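One structure is given below, encoded as structure tokens.
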Amino acid sequence: MYSVSFTGHRPEKLPYFSEDDPMCIDLKQRLKTQIEMLINEGADSFFSGMARGVDLWCAEIIIELKCKFPELKLTAVIPCKTQTNNWDDQSIIRYNNILEHCDKKIYISDNYNKSCMLKRDRAIVELCDVLIAVFDGAKGGTEYTVKYAEKKRKKVIIIPPM
């Protein structure tokens, strides 16, 4: 048995207009296919950094797959308890619904600070054996997380956004 973490771009950094875009639907299907492949190879523990976009989509995929694979465990690795303070209402509802289905919650910090996001990124790498990254090569948090995982000699699976 082994563990998998997720990282990827926020929705506004992806080349889609909405989640209804055929390219986004295709990405989610590719993520689900990859995750199921890893489950069939022994993955049973999953870690989401709970950011809007890829992190939440992957958490929702795990929640859906728990019906088929009830042994799966999902942990939310949350940068700070105030993470959703500037989010829109729909995103907050979605986030809270996912939290209700998590087996465990890890909070990095009580309140937002300069380092809590990077500490969350390092934590999801340190907790996993495999990192799934929706990554297009752009600078930012996803790039940092991928490079940190490579430095820690974790297996990294890159899934292009398109």
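From a predicted model like this one, the values you see are computed outputs, not experimental measurements.
- Scanning both residues, V4 and A43, for their nearest heavy atoms gives CG2-CB, 3.8 Å.
- Side chain of E126 to main chain of D121: no donor-acceptor pair is present (N/O by atom type, distance under 3.5 Å, no hydrogens or angles).
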| Are I159 and I132 close enough, and set up right, to give a side-chain contact (heavy atoms from CB on, under 4.5 Å), and what steps lead you there? | CA-CA 7 Å; I159 298 181; I132 294 178; 3.8 Å; yes

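- A distance-only check finds a donor-acceptor pair linking the side chain of T82 to the backbone of Y112 [under 3.5 Å].
- Residues T145 and V125 are in side-chain contact: their nearest non-hydrogen atoms beyond the backbone lie under 4.5 Å apart.
- Between Y95 and W87, the ring planes lie perpendicular to each other; the angle is over 60°, past the 30° to 60° tilted range.
- Counting heavy atoms from C-beta on, the side chains of I62 and C58 never come closer than 4.5 Å.
- Atoms CG and NE2, from L27 and H9 in turn, are 10.0 Å apart once rounded to the nearest 0.5 Å.
- A donor-acceptor contact shorter than 3.5 Å is absent between the side chain of S109 and the backbone of C80.
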| task | Mind running side-chain contact (heavy atoms from CB on, under 4.5 Å) on I106 and L127 for me, showing each step along the way? | result | CA-CA 11 Å; I106 299 171; L127 290 164; 4.1 Å; yes

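- Taking hydrophobic clusters as Ile, Leu, Val, Met, Phe, Trp and Tyr residues chained together by side-chain heavy-atom distances below 4.5 Å, I93 does not share a cluster with W57.
- Every pair tested for side-chain hydrogen bond (donor to acceptor under 3.5 Å, both in side chains) that includes a residue from residues 149-162 fails, sequence neighbours excluded, so the list is empty.
- Considering CG of D103 and OG of S45, their distance stands at 8.5 Å, rounded to 0.5 Å.
- Once rounded to the nearest 0.5 Å, the distance linking SG of C102 with CZ of F46 reads 13.0 Å.
- Of all the heavy atoms in A123 and I108, the pair that sits closest is CB-CD1, 4.1 Å.
- Taking the side chain as every heavy atom from C-beta outward, I25 and D21 never approach each other to under 4.5 Å.
- Of the inter-residue distances, the one linking L56 atom CG with L99 atom CG reads 9.0 Å to the nearest 0.5 angstrom.
- Although no hydrogens or angles enter the test, the distance criterion places no donor-acceptor pair under 3.5 Å between the side chain of D44 and the main chain of M1.
- Looking at K81 and N111, their side chains never come closer than 4.5 Å, going by heavy atoms from C-beta outward.
- I61 and M50 fall within a single hydrophobic cluster, where Ile, Leu, Val, Met, Phe, Trp and Tyr side chains are chained together by heavy-atom contacts under 4.5 Å.
- Between C128 and F6, every side-chain heavy-atom pair lies at or beyond the 4.5 Å cut-off.
- N86 CG: 12 or fewer foreign heavy atoms inside a 6.0 Å radius.
- Between the side chain of R10 and the backbone N or O of G53, no donor-acceptor pair lies under 3.5 Å.
- I124 and V130 end up in different hydrophobic clusters when Ile, Leu, Val, Met, Phe, Trp and Tyr side chains are linked at under 4.5 Å.
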| request: Please test V146 against Y144 for side-chain contact (heavy atoms from CB on, under 4.5 Å), starting from the C-alpha separation and ending with a verdict. | output: CA-CA 6 Å; V146 167; Y144 171 85; over 6 Å; no

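- Between R52 and D88 there is no salt bridge, since no side-chain N of the basic residue sits under 4.0 Å from a carboxylate O of the acidic one.
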| said: Before you tell me yes or no, could you show the steps for C116 and N113 under side-chain contact (heavy atoms from CB on, under 4.5 Å), namely the whole-Å CA-CA distance, both residues' side-chain angles and the distance that decides it to 0.1 Å? | reply: CA-CA 6 Å; C116 70; N113 61 63; 3.7 Å; yes

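- No salt bridge links E143 with K13; every basic N to acidic carboxylate O contact stays at or beyond 4.0 Å.
- Between M23 and P15, the shortest heavy-atom distance links the atoms CE-O, 3.4 Å.
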| said: Set out, in order, the CA-CA distance, both residues' side-chain angles and the distance that settles salt bridge (charged side-chain N to carboxylate O under 4.0 Å, His left out) for E19 and K28, then state yes or no. | reply: CA-CA 9 Å; E19 285 185 60; K28 287 181 180 181; 2.3 Å; yes

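- Side-chain contact between L74 and K104 is absent, with no heavy-atom pair separated by less than 4.5 Å.
- I158 and V134 fall into different hydrophobic clusters, where Ile, Leu, Val, Met, Phe, Trp and Tyr are joined by side-chain heavy atoms under 4.5 Å apart, directly or via other members.
- Residues S3 and D129 have side chains that bring a donor and an acceptor to within less than 3.5 angstrom of each other.
- The pair E36-K68 meets the salt-bridge criterion, with a side-chain N (NZ, NE, NH1 or NH2) lying under 4.0 Å from an Asp/Glu carboxylate O.
- No single ILVMFWY cluster, assembled from side-chain heavy atoms under 4.5 Å apart, contains both V156 and I35.
- Residues R120 and I78 have side chains not in contact (no heavy-atom distance under 4.5 Å, counting atoms from C-beta outward).
- Between K66 and E71 there is no salt bridge, since no side-chain nitrogen of the basic residue lies less than 4.0 Å from a carboxylate oxygen of the acidic one.
- Other residues, nucleotides and ligands contribute at most 12 non-hydrogen atoms within 6.0 Å of the CG atom of D89.
- Residues L131 and I157 are not in side-chain contact: their nearest non-hydrogen atoms beyond the backbone lie 4.5 Å or more apart.
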